[in-house]
Amino acid sequence: MSAATATFTPPVAFSNSNNPYNPIWRKPNSLSNPIWTANNSFVSRATSSSSSETDNEKKNKKKKKKVVIDNEEQKQELEPVQEQEQERQLQSSSVSVIKRLDDVNPVGLGRRSRQVFDEVWRKFSGLGQISRTIRSDDESSLLIREGGPMCEFAIPGAQNTTVLVVGATSRVGRIVVRKLMLRGYTVKALVRKAEPEVVDMLPRSVELVTGDVGDPSGLKNAVQGCSKIIYCATARSSITGDLIRVDHQGVYNLTKALQDYNNKLAQQRAGKSSKSKLLIAKFKSEDSLNGWEVRQGTYFQDVVVSKYDGGMDAKFEFTESGEAVFSGYVFTRGGYVDLSRKLSLPLGYTLDRYEGLVFSVGGNGRSYVVILEAGPSADTTQSKLYFARISTKAGFCRVRVPFSSFRPVKPDDPPLDPFLVHTLTIRFEPRRQRPIEGPTGMNQDLRSFQLIMEYIKALPTGQETDFVLVSCTGSGIEPSRREQVLRAKRAGEDSLRRSGLGYTIIRPGPLMEEPGGQRALIFDQGNRISQGISCADVADICVKALHDSTARNKSFDVCYEYVAEPGKELYELVAHLPDKANNYLTPALSVLEKNT
Amino acid sequence: MASTLYAQLATPTNPTSLPCRKLSSLSWRTMFDSALSPSNSPISTTKGKHCSLPKVVCNAQSAPAAVNLAPGTPVRPTSILVVGATGTLGRQIVRRALDEGYDVRCLVRPRPAPADFLRDWGATVVNADLSKPETIPATLVGIHTVIDCATGRPEEPIKTVDWEGKVALIQCAKAMGIQKFIFFSIHNCDKHPEVPLMEIKHCTEKFLRGSGLNHVVIRLCGFMQGLIGQYAVPILEEKSVWGTDAPTRIAYMDTQDIARLTLIALRNENINGKLLTFAGPRAWTTQEVITLCERLAGQDANVTTVPVSVLRFTRQLTRLFEWTSDVADRLAFSEVLTSDTVFSVPMAETYNLLGVDAKDVSSLEKYLQDYFTNILKKLKDLKAQSKQTDIFF
């Protein structure tokens, strides 16, 4: 009856299942020796039948999810066999005579004929039904069908994804957990204490992990086995300590834990996976400096002025302490120094499979311009230049530059295609340098620089987001504490952006407890929204964002649709109504800025 | 509780209350008899069929202000109770409601194998039994809306759950100040009083209307999910498929669509107290469905056609005896089947009312096609797998 049934029964078995006396099941009995002989034959029979029974069990396991009716029949068939065996072992020949007569046993015959009649009658009376389903199915088989592709909630990637929900008991988190469960994800929930009311609130098959986001040591266990995190925890009070612990430090700790876990997996995959970074340059020996050229230049061709200023100088050298240092000074107005190299990627690797560069550098905290030259490598005259500014800190740091943040030098050129990049240049120019804070901040000369290079790597593209953070826009918070709350939230967002994980930061308007999917939503960037939004809609966005490549590395505000006051229409309203099977998220997010 | 329920047979035209009668002592057979006998002044419908309106005195009606008097914190509008949550329709409603952010409580009967899947989806499960009215009130605490999609199991007498249970539920809902009650009924139930289940549904509709609860009645035609077990699986398994030669057409509908529309209706304040009918895009006869399944499965069905007259005859026969009356009840739809009825309604107005696009409602062809594509693919995979294991061994 149950539909799923058919799913798991190989069609070969169908021909058998038509017959209530499945030949497989009859064999043990029909093969059985006559038992009115001596004891030893008993033994042999018992073993033979028990072996056939294990055989039966095997069969049974194989067809675990078989048609229920068949199952029942089999069980009923199985029971007599077991009974027979017990009887056989306990009692003597008088029983065996009955055994032999089993085939014509009126009880057995009656049972079978009743089964046949029941089946026929069930079907017959089923004809008299209109809008009722005959429910002789078991729950599990139906579930399998409904969890399968027939179900409107099913998501292809859900089966292999484990999601850690942080703040699973919060207003948004509760719904997030349910939505994930409905879609077939494996869900872990991080809770502070496994109290009965907390446990009751969450579905039973959610794996509970106790831990506090403020305590990094406990989070290692929480991220174990997780590929994605949805963070909807928020501080319970607006005490600064609480805010920093949950909204800032908590996000930082979790990103770190997940990144550590990913790195561990990446090491196990031995660097060959598409998830590991591609080494472009590593400066660990004298030889590694080969191929890098230092050049000088000026933006103005003002020969007269350059005669009188201090000129410029730069060198790239491997120091005795084992560091590759690019250092020098530029006193010329409009002058710059370049460190550049033609890229030589390992065979079979192209940069279009990566989404950005990461520089591990140290130095005195100047900002630099990274210039990529792209074009057909055979003909350098057709190369186009793309630039992005990076700023470093005093001391060592890692700087990520996504390819999407490179702008063409000539505004008319097409956007950067990483596939065509052939030359990488790091340029220092004294313009737009900011003095670094600190005791030496006052008397430093902004025209001199020192850059210690450790490595340059390409960051692999992820298709999807790894970390969904529910932040807030700040509206709806009491004004006296808004500053502090927002500061902590922003700090948390920043630590997520810097983490190197694929992120989605959702900043909803004030949350409302009402059913979702009723009103059109506005997705926007730039803190301009004014409306609230239902918790269920926020949860829906979280869940949809997990597998949406347009959601990766984006921050956006979201609220209900509203009509802007006249004169204040700053932007075109793009409203999206969440509805059945329509993916409103992709079109909504594709127009928004990346890496925000 | 059953002993405190009194049934009154009354008519709108004849408001004088008739002597109260204990419902528990009232079997449907006797109700029909009494309805047919002129002394009890039955309602004569235009079709000349007889319909009895049992009016049950609702205890809570003595305190109509119960809603306002209810002490304590106000209930959240997102809290709903689904009765019959393990059923074909019920589970879809639970899923849909959970997905839309409702807090869903499910009323299920205590059973040895608990309905864990509901808990896994995030619903709260409470044990109660409509046929034991004393278990009901506790489940209604803190509930804003009740969605009732329960029916009795085929093997149990139709009256216990579908009538007595429902009456108890509605009375409790009234007494506990439930703010909305959604009841699922059967299409055309007012036209076929000879079918016990339809008669009960119709009477429950009337009872609900009379109770003063804020309610929506939704009448349904047929579920596509039911066809899978009835036709699709037997065809795939090369078993015989039983069908009738009835000309009745039914507009089957996907329960997922029903659930979606129901929740839209639930939120729409404009349709309170209204009667909606949900029907699928097209009405199908049994023969058409079987042909469609054969085409999609790519194999011929072994069809056993039972003439409706046989069904009808069996029903008449079984009605003769007290001990087969349940069987007769189950066969009662044959009466409907013999008529040339079309179980369908034009949906344009309903779609309009709910603000739904007709294109979003799935058709039977599409539904069955999906089913067969998926199942045949899975069977193929299984075949490949079994081959592999053979080599392995």
Side-chain angles (χ1 to χ4, degrees), chain A residues 1-3 5-12 14-15 17-18 67 123-135 137-140 142-143 145-146 148-153 174-175 177-179 181-182 200 202-205 513-518 534-537 539-540 579-581, chain B residues 76-78 86-88 91 95 98-102 113 115-117 119-122 151 153-154 186 220-223 225-226 228-230 232-233 236-239 242-244 250 256 260 263 267 306 311 315 327 330-334 336-337 343 360 370-371 374-375 378-379 382-383 386:
Chain A
M1 199 68 264
S2 50
T5 60
T7 344
F8 286 87
T9 327
V12 215
F14 289 163
S15 50
S17 51
N18 205 4
V67 187
K123 293 211 159 179
F124 181 71
S125 59
L127 290 174
Q129 310 283 315
I130 283 186
S131 53
R132 304 171 95 188
T133 345
I134 308 144
R135 303 195 48 82
D137 47 9
D138 62 342
E139 307 295 353
S140 63
L142 253 180
L143 265 181
R145 175 165 64 89
E146 289 177 0
M150 286 293 283
C151 170
E152 60 178 306
F153 295 118
R174 256 193 349 231
I175 306 173
V177 170
R178 287 181 203 156
K179 280 180 178 277
M181 294 305 290
L182 282 173
D200 280 351
L202 297 169
R204 263 202 244 160
S205 35
E513 286 203 45
E514 54 186 43
Q518 299 185 71
S534 113
C535 298
D537 279 331
D540 199 54
D579 196 12
K580 176 195 180 183
Chain B
R76 288 193 306 190
T78 53
T86 50
T88 315
R91 65 181 66 193
R95 284 154 87 102
L98 284 171
D99 196 64
E100 293 189 357
Y102 288 95
D116 270 340
F117 67 97
R119 284 202 188 90
D120 281 347
W121 292 343
T151 37
R153 293 174 188 142
I186 302 174
L220 304 172
C221 294
F223 301 156
Q225 273 74 5
I228 300 287
Q230 218 169 348
V233 172
L236 280 173
E237 296 185 350
E238 291 166 10
K239 283 186 184 171
W242 291 58
T244 58
I250 299 172
Q256 300 188 15
R260 187 167 57 94
L263 285 165
R267 292 189 288 259
V306 181
L311 277 178
R315 164 157 154 85
V327 172
R330 288 184 63 185
L331 286 174
F333 280 108
S334 58
V336 183
L337 289 175
F343 269 73
D360 289 346
D370 279 1
Y371 176 77
N374 285 316
I375 224 114
K378 227 165 208 173
L379 287 176
L382 269 177
K383 235 186 215 167
S386 65

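Please read all numbers here as calculations on a predicted model, not as lab measurements.
Closest heavy-atom contact between Gly101(B) and Ala536(A): CA-CB, 3.7 Å.
Rounding to the nearest 0.5 Å places CG of Leu98(B) at 9.5 Å from NZ of Lys179(A). To the nearest 0.5 Å, atom CG of residue Leu202(A) and atom CZ of residue Arg119(B) are 13.5 Å apart. Distance check, rounded to the nearest 0.5 Å: CD1 of Ile175(A) to CG of Asp99(B) gives 10.0 Å.
A search for salt bridge (charged side-chain N to carboxylate O under 4.0 Å, His left out) contacts involving Arg76(B) returns Glu513(A), Asp103(B), not counting sequence neighbours.
Looking only at side-chain heavy atoms (C-beta outward), Arg267(B) and Pro515(A) come within less than 4.5 Å of each other.
Remark: side-chain polar atoms of Arg178(A) are paired, donor with acceptor, to backbone N or O of Tyr102(B) under 3.5 angstrom.
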